[in-house]
Protein chains: 2
Amino acid sequence: MSDELPALPWERTRRRTGPARIPLTRDRIIEAAYTVLDRVGYEKLSMRQVAAELGVAVSALYAHVSSKDELLELMYLRMFRDWELPPPDPDNWREQIRQYARTGRTRLHEHRDMARIAMTGFPFSAEALPHLEQLLALFRAGGLPDHLAGAAGDMISTFINGFAFEESVWEDRQEEVDESPRDQPVSERSWAEIRETLERYFRELPPDRFPNLVELSDVMLQRTNDERFDLGIEIIIRGLASYAAEHPRPAE
Amino acid sequence: MSDELPALPWERTRRRTGPARIPLTRDRIIEAAYTVLDRVGYEKLSMRQVAAELGVAVSALYAHVSSKDELLELMYLRMFRDWELPPPDPDNWREQIRQYARTGRTRLHEHRDMARIAMTGFPFSAEALPHLEQLLALFRAGGLPDHLAGAAGDMISTFINGFAFEESVWEDRQEEVDESPRDQPVSERSWAEIRETLERYFRELPPDRFPNLVELSDVMLQRTNDERFDLGIEIIIRGLASYAAEHPRPAE
DNA sequence: AACCTGGATGAACAGTGTTCACCATACACG
DNA sequence: CGTGTATGGTGAACACTGTTCATCCAGGTT
């Protein structure tokens, strides 16, 4: 390893500080934190792991990020980046809400355990506000009375986050069962396994104490998570729409 | 302290073990964990704190509880204790669902950050199953098609947990602002403060980019958490009921 | 060439979950 | 009455965690 050629003049500056040392930045730290998160999950995500990922001392991180909590918040904010909001279309508010919820869940799925981070993030940051505004616009376009529009925004977010959070918990639970390495965000196969196990569990319950659970064991779990999520959103939308029907907007 | 009377025969066995040394049990550990949780919150709840609360070495806990995760799970299960479920009344399913959700949230509020623990707890344990069964019974009584009844149970739980979780996050955020000691689960006053701060924040947003937020700033946050929660539940119930109306139960 | 300065370093501190060799106490038995 | 045994608590240790701080080194400026 000692037979290095003398550095060419134009790369001298670069070679100086060891192997192409790119400066540490907030962005690079967040990026590294994401790859660590995807590999080890929320519970085991640590500043030291992030530092190791960057090949840097732990204390170096604190020059760019004041605490782990701040790093988590930054990761949360990153979620909103390049999230295009379509212009509100009053005739299509239901479909647009559906779409919004779906891409929201997709965003949360983009990184492992992201929902756990999102759930504790500050939901009214500058990055998140346009989304709330968008939801409000859609709800008002749909003819919801004002006091409902306000609550509805919260509600949709709570459901999206809560749903994804529980998915995340199931995934982690499943993962600590099969020690398999985690190349992708829990295969469809794993979810099928979970469902099958639960279905048998329900079916074999004592029918005298749990008649409904036994009877519905098949129909309850045959749906995929996607379908369950869509159904949940649909229920909320219908509930909201029922108010719009009661308080028809004065056609001015 | 040396002028002790000779112990009466029937209390001899009790006196033997020094200063009234009550044996360590799972229950006592769980109890202690709750008082620690209420004092320091979820993030700072540690095995050492629990041990200290009991005046005992940390390692002693591990004779009764295999890990911190198990302890958390036990705390979660304790939540269902003495939770009476009223007999399902088909004519009143909506009110009964409302009531169920309300007491669910109340239970979560009984201990600080309980929702954070509940959210990661296994929702199909022996203790929790009767509740799911109850919900299914109510939904079927309300005339919901079977495939919906299954999803609806999940949905209600997700919303209750998610809502309480976010309340818990807000409370913690508020608490680290005012250093005030925490004698009770965040006073009403604190919530009023949070609402007021947010309302002003919304009102002073640039109206060109956030017209709806500015316009709704007053109406959006004037409601208490209780009202917002009830509204959320009501929306879900209405959404569910809309399906029942579409698929009327065959009057046999 | 000397200086300054910004950013990275590594060691340290206090705290975490968990394990394990040790030991004391309370009971059963001879 | 004395001895053994076993249950269950102890304290020290390990491998971590988030965070801080004195130190130090490289880069650019004077």
Side-chain angles (χ1 to χ4, degrees), chain A residues 7 9-30 32-33 36-37 39-75 113 116-117 120 172 176, chain B residues 7 9-30 32-33 36-37 39-75 113 116-117 120 172 176:
Chain A
W10 58 81
E11 53 182 18
R12 217 171 232 156
T13 9
R14 291 215 155 273
R15 302 293 303 277
R16 270 285 177 70
T17 59
R21 169 161 140 192
I22 357 171
L24 204 49
T25 68
R26 272 181 162 224
D27 268 353
R28 285 190 61 224
I29 294 178
I30 298 173
V36 172
L37 180 67
R39 188 168 54 232
V40 305
Y42 178 76
E43 308 257 276
K44 298 188 165 175
L45 171 64
S46 75
M47 298 299 271
R48 280 170 160 91
Q49 294 269 349
V50 176
E53 180 69 26
L54 291 162
V56 109
V58 213
S59 44
L61 303 179
Y62 285 86
H64 304 265
V65 151
S66 73
S67 72
K68 186 186 180 181
D69 276 346
E70 192 185 61
L71 177 52
L72 291 176
E73 187 75 21
L74 290 172
M75 296 173 77
D113 289 347
R116 277 173 149 95
I117 295 176
T120 52
D172 284 7
E176 68 188 37
Chain B
W10 58 81
E11 54 181 18
R12 215 170 235 158
T13 10
R14 293 215 154 276
R15 303 292 302 276
R16 270 285 176 71
T17 59
R21 169 163 139 191
I22 356 171
L24 204 50
T25 67
R26 274 181 160 224
D27 268 353
R28 285 190 59 225
I29 294 178
I30 298 173
V36 173
L37 180 67
R39 188 169 53 231
V40 305
Y42 178 76
E43 308 258 274
K44 298 188 166 175
L45 170 64
S46 76
M47 298 300 270
R48 281 173 161 87
Q49 294 270 350
V50 176
E53 179 70 27
L54 291 161
V56 110
V58 212
S59 44
L61 302 180
Y62 285 86
H64 304 265
V65 152
S66 73
S67 72
K68 186 186 181 182
D69 276 348
E70 192 185 62
L71 176 53
L72 291 175
E73 187 74 23
L74 290 173
M75 296 173 77
D113 288 347
R116 276 167 144 101
I117 295 176
T120 53
D172 285 8
E176 68 188 36

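So that the names make sense, note that chain A is the first sequence line, chain B the second, and so on, each numbered from 1.
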- line: Separation of D/dG18 atom P from A/Lys44 atom NZ, nearest Å, is 14 Å

task: Give the nucleotide from the list D/dC21, D/dT19, D/dT10 with an atom nearest to the side chain of A/Ser59.
output: D/dC21

query: In whole angstrom, what separates B/Glu70's CD from C/dT19's P?
result: 12 Å

- request: Send over the distance from A/Leu71 CG to D/dT17 P, rounded to a whole Å.
  value: 14 Å

task: Rounded off to whole Å, could you give me the CG-to-C1' distance for the A/Leu45 and D/dC16 pair?
output: 14 Å

task: Rounded to the nearest angstrom, tell me the gap between atom CE in A/Met47 and atom C1' in C/dA12.
output: 17 Å

task: Report the nucleotide, chosen from C/dT9, C/dT18, D/dG11, that has the shortest atom-to-atom distance to any side-chain atom of B/Ser67.
output: C/dT18

message: Can you measure B/Leu54 atom CG to D/dG8 atom P for me and round it to whole angstrom units?
response: 16 Å

message: Could you check whether any side-chain heavy atom of B/Asp172 comes within less than 4.5 Å of a side-chain heavy atom of B/Arg116, counting everything from C-beta outward?
response: yes

query: Are OP1 or OP2 of D/dT17 and a side-chain N or O of A/Ser46 less than 4.0 angstrom apart?
result: yes

query: Can you find a pair of side-chain heavy atoms, one from A/Asp113 and one from A/Glu43, that are under 4.5 Å apart?
result: no

- prompt: NA contact type, B/Val56, heavy-atom cut-off 4.0 Å: base, sugar-phosphate, or nothing?
  reply: sugar-phosphate

- prompt: So, does B/Arg28 use its side chain to make a donor-acceptor pair with the main chain of B/Pro23 at under 3.5 Å?
  reply: yes

- prompt: Among C/dA8, D/dG11, D/dT19, which nucleotide sits nearest the side chain of A/Lys68?
  reply: D/dT19

- request: Could you tell me the separation between the CZ atom of A/Arg48 and the P atom of C/dG15, rounded to a whole number of Å?
  value: 15 Å

message: On the nucleotide C/dA8, are OP1 or OP2 found under 4.0 Å from the side-chain N or O atoms that A/His64 carries?
response: yes

query: How many angstroms lie between atom CG of B/Leu45 and atom CE of B/Met75, to the nearest 0.5 angstrom?
result: 5.5 Å

task: Choose from D/dG18, C/dG17, D/dT17 the nucleotide whose nearest atom is closest to any side-chain atom of B/Tyr62.
output: C/dG17

query: The side chain of A/Gln49 lies closest to which of these nucleotides: D/dT10, C/dT18, D/dT17?
result: D/dT17

task: May I ask you to test the A/Val56-A/Leu24 pair for a side-chain heavy-atom distance under 4.5 Å?
output: yes

field: Interatomic distance, A/Leu72 CG vs D/dT19 P [rounded to whole Å]
entry: 10 Å

